[in-house]
Amino acid sequence: MNKIPIGDYFEMFIDWLMDNFEPVFEGIKSGILWVIGGFETALLSVPSLVMIAIISLIAWKVAKRRVAIFTLLGLLLIDNLNLWDKTMESLALVFTATVIALVIGIPMGIWMARKDGVDRTMRPILDFMQTMPAFVYLIPAVIFFDLGKVPGAFSTIIFAMPPVVRLTNLGIRQVPKEVVEASKSFGSTSKQLLLKVQLPLATPTILAGVNQTIMLALSMVVISAMIGARGLGEEVLKGVTQMQIGKGFEGGVAVVILAMILDRITQALGTSSTK
Amino acid sequence: MSKVSVKNLYMIYGNHPKKPLALVKEGISKEELLEKTGHGIGVNNVSFEVEEGETFVVMGLSGSGKSTLIRCLNRLIEPTAGEILIDGQNIVGCSKETLLEIRRKKVAMVFQHFALFPHRNIWNNVAYGLEVQNMPLEDRRDKAFESLEAVGLKGYEESMPTQLSGGMQQRVGLARALATDADILLMDEAFSALDPLIRKEMQDELLTLQANMKKTIIFITHDLDEALKIGDRIAIMKDGVVVQIGTPEEILNKPADAYVKEFLQDVNRVKVVAASSIMKKPDAIVSSKDGTRVAVRKMKESGISSIFVVDKDRRLQGIITIDDALELLKQEIHSIESIIIDEVHRTSPETPIIDLLPTAINTKYPIAVTSEDNRLIGIIVRVSVLAGILGEEDSDE
């Protein structure tokens with residue numbers, strides 16, 4: 001039996017997209033660049049010590065004191081390793097991917113929760129996005145957006161979006177049926193039902209999704225460095241490709257510190273909203 | 001015009017509920033329908049009317065379709081066919097706007113598991129129905145506080161739902177339904193989740209509130225005692241069909257079929273059956289104007305040892321015994337006034353049998369059933385109290 005030429009079709013599809021939608025990709029590219037640029041400017045415009053103080057304060061406000069102390073020491077270490085600028089570059093990429101993933105993902109999750117048909121269609125697509133090895137769409141991303149930060153952000157968005165979609169959907173579906181009925185029985189419009197009852201009650205679950213999305217975005221930092229997204233991933237990649245074991249390790253430590261800070265802060269946001 | 005009028009209502013579960021409608025109308029069984037078409041019957045040709053100010057109870061076991069029925073009344077569940085008229089307006093197939101308006105102004109609902117909004121404090125829960133109507137904050141706050149006071153929860157306005165006990169949470173549910181000033185209350189197993197003592201307390205409270213409010217209440221329950229206690233009329237449902245509709249006494253005394261009878265087995269009849277349904281017509285009575293001779297003759301004719309005395313307006317004067325009357329006859333005194341015993345036990349027609357028991361045990365004379373203005377309506381002899389408890393009808397014939 002002949003092999004079904006799925007790969008060939010995919011290539012044809014990518015070519016077709018390139019031929020017909022290039023202006024769209026250009027638009028997306030400049031949009032993403034603009035957001036990343038904004039975050040980078042904001043994060044790098046103040047001296048590192050001031051930024052460390054600000055982030056530690058946020059950690060203290062949102063989470064416990066322990067988290068704040070860890071944040072302070074962790075960021076000071078990063079600064080000491082001369083990785084501050086690269087860390088902020090990575091953070092800007094993570095923020096950009098997360099913000100875009102949330103802007104698309106949360107409404108998508110809401111839509112899935114409201115329509116069973118959408119739910120059924122979206123599930124396999126989300127599985128695909130999450131489990132398809134990231135390298136596979138890294139290359140088409142480069143074709144669409146050239147090398148650099150934009151294809152990195154694009155791949156990160158695809159990889160990091162599913163959790164927030166799934167958990168928004170789950171959070172809304174978990175609102176007890178009787179509570180939804182109560183809201184409807186008093187004459188809520190579907191918008192009122194969503195804003196006054198479903199979203200507030202789903203918030204802790206949605207925030208868990210946001211947390212997962214941020215973590216996944218961060219885990220893409222190293223991979224997207226392969227297509228020129230720079231940041232901490234570049235350090236790690238240098239370590240791997242140029243046998244600079246020490247340098248690679250330092251970059252890795254910085255990624256871990258960043259991950260733990262982001263995780264603790266967003267988790268604290270989630271638990272405080274349940275109270 | 002009835003407040004709520006349901007006509008030939010059907011609700012069929014499944015992907016294409018309209019399709020098997022014809023089959024259901026022909027009387028296909030639940031099992032057969034499921035096997036043939038994969039559809040289920042929730043509500044099967046139900047019709048009833050509820051008058052303004054009436055408490056109408058729908059009773060049935062779980063799966064009888066009662067919860068589906070009540071949800072059709074505000075279209076939380078979409079009926080498949082039939083009519084539901086609220087104040088004469090058919091809400092089946094009405095526009096979205098009309099439905100919203102009806103849910104906001106006319107019909108309010110109380111839920112089995114309270115269904116409070118856990119993220120809102122108590123008064124914001126109660127004010128929810130007003131908030132969705134965009135009532136200004138101050139006004140809806142005042143309304144909510146007022147409503148909470150009515151159900152005895154003053155002082156809890158700022159608490160959160162989880163801080164309240166089950167009974168208190170359901171009071172909030174009730175307050176929330178009252179806050180919108182809807183005339184129709186739908187209560188879906190509203191007290192079923194509460195423990196028995198609290199449940200009884202809530203039933204009493206509802207009866208007290210209802211005495212002042214005069215809402216039209218449609219109350220779902222699986223508890224017959226509850227149905228008999230609060231229902232002006234009761235509909236009994238089985239497999240989506242209403243088997244019988246009637247007052248508590250009608251249902252107790254003339255159950256429509258074996259299913260209803262079985263339902264009634266555990267009922268404590270003494271709490272429900274009223275004096276009026278076991279009393280006899282007071283055939284043998286004498287007027288206080290009648291002479292001794294007439295009184296004696298009447299007692300002898302009826303074979304009784306005592307007889308009630310009434311005035312010309314049938315107001316109860318008391319009772320005389322055959323022994324006293326015979327004594328008078330010997331002394332040739334014609335007026336019976338001197339021997340009237342006025343310590344007769346009086347009771348109202350609504351009094352349940354259970355309250356008559358102590359009297360029936362202690363008194364020598366029959367119990368007089370009188371209206372509010374002391375007119376004699378009927379009499380109850382001891383044996384009919386017993387017959388009433390056992391549920392044997394017409395023991396006097």
Side-chain angles (χ1 to χ4, degrees), chain A residues 62 106 109-121 167-211 266-275, chain B residues 15 67 70-78 96-120 124-135 140 160-162 169 172-173 176-182 184-190 193:
Chain A
V62 175
I106 291 176
I110 293 172
W111 196 27
M112 277 174 79
R114 305 204 130 196
K115 301 256 189 275
D116 288 338
V118 179
D119 184 54
R120 277 194 299 274
T121 332
L167 285 164
T168 302
N169 179 21
L170 178 73
I172 292 176
R173 283 177 186 268
Q174 266 178 347
V175 175
K177 187 170 164 261
E178 242 194 4
V179 172
V180 173
E181 283 187 330
S183 169
K184 284 187 190 167
S185 76
F186 286 102
S188 304
T189 59
S190 51
K191 191 174 144 204
Q192 285 172 328
L193 170 65
L194 183 69
L195 295 180
K196 290 180 192 289
V197 177
Q198 289 176 318
L199 280 184
L201 290 178
T203 302
T205 315
I206 295 175
L207 285 177
V210 173
N211 172 282
T266 50
Q267 244 179 31
L269 276 177
T271 43
S272 69
S273 76
T274 49
K275 275 171 200 159
Chain B
N15 296 329
S67 284
I70 202 173
R71 278 168 175 71
C72 285
L73 299 183
N74 60 357
R75 276 181 52 193
L76 285 177
I77 291 179
E78 218 42 62
K96 231 177 177 179
E97 292 70 34
T98 315
L99 182 63
L100 274 192
E101 204 52 26
I102 280 177
R103 285 175 176 177
R104 286 177 178 184
K105 307 273 186 193
K106 285 200 171 164
V107 183
M109 193 160 179
V110 181
F111 293 84
Q112 179 172 9
H113 300 290
F114 326 136
L116 300 184
F117 304 116
H119 59 300
R120 294 173 158 245
N124 268 309
N125 258 285
V126 174
Y128 184 84
L130 305 167
E131 189 180 321
V132 296
Q133 300 177 30
N134 300 318
M135 183 186 268
R140 65 178 195 248
M160 293 307 281
T162 46
Q169 289 191 32
V172 178
R176 180 173 63 180
L178 297 179
T180 60
D181 287 330
I184 301 170
L185 288 188
L186 304 179
M187 304 186 71
D188 178 27
E189 302 247 13

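Note that these values count all heavy atoms, side chains included, but never hydrogens, waters or copies made by symmetry. Reminder, nothing fancy here: chain letters follow the sequence lines and each chain counts from 1. Just so you know, these numbers come straight off a predicted model, no measurement behind them.
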Where do [X] and [Y] come nearest, in terms of heavy atoms and distance?
X	Y	value
B:Ala115	A:Ala182	O-CB, 3.7 Å
B:Val132	A:Phe186	CG2-O, 3.4 Å
A:Gly187	B:Leu100	O-CD2, 3.4 Å

### Task
Heavy-atom distances under 4.5 Å only: say whether B:Val110 touches chain A with side chain, backbone, both or neither.
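Interface part for B:Val110: neither.
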### Task
Tell me, for B:Leu99 versus chain A, whether the close heavy atoms (under 4.5 Å) come from the side chain, the backbone, both or neither.
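Contact with chain A: none, neither part.
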For chain A and chain B, give me every donor-acceptor pair shorter than 3.5 Å, distances to one decimal.
unit_1   : atom_1 : unit_2   : atom_2 : d
A:Glu178 : OE1    : B:His113 : N      : 3.1
A:Glu178 : OE2    : B:Gln112 : N      : 3.1
A:Glu178 : OE2    : B:His113 : N      : 3.2
A:Glu181 : OE1    : B:Arg71  : NE     : 3.0
A:Glu181 : OE1    : B:Arg71  : NH2    : 2.8
A:Glu181 : OE2    : B:Arg71  : NE     : 2.7
A:Ser183 : OG     : B:Tyr128 : OH     : 2.7
A:Lys184 : O      : B:Arg103 : NH1    : 3.4
A:Gly187 : O      : B:Arg104 : NE     : 2.7
A:Gly187 : O      : B:Arg104 : NH2    : 2.9
A:Ser188 : OG     : B:Tyr128 : OH     : 2.7
A:Gln192 : OE1    : B:Arg104 : NH2    : 3.2
A:Gln192 : NE2    : B:Val132 : O      : 2.9
A:Lys196 : O      : B:His119 : NE2    : 2.8
A:Lys196 : NZ     : B:Glu131 : OE2    : 2.7

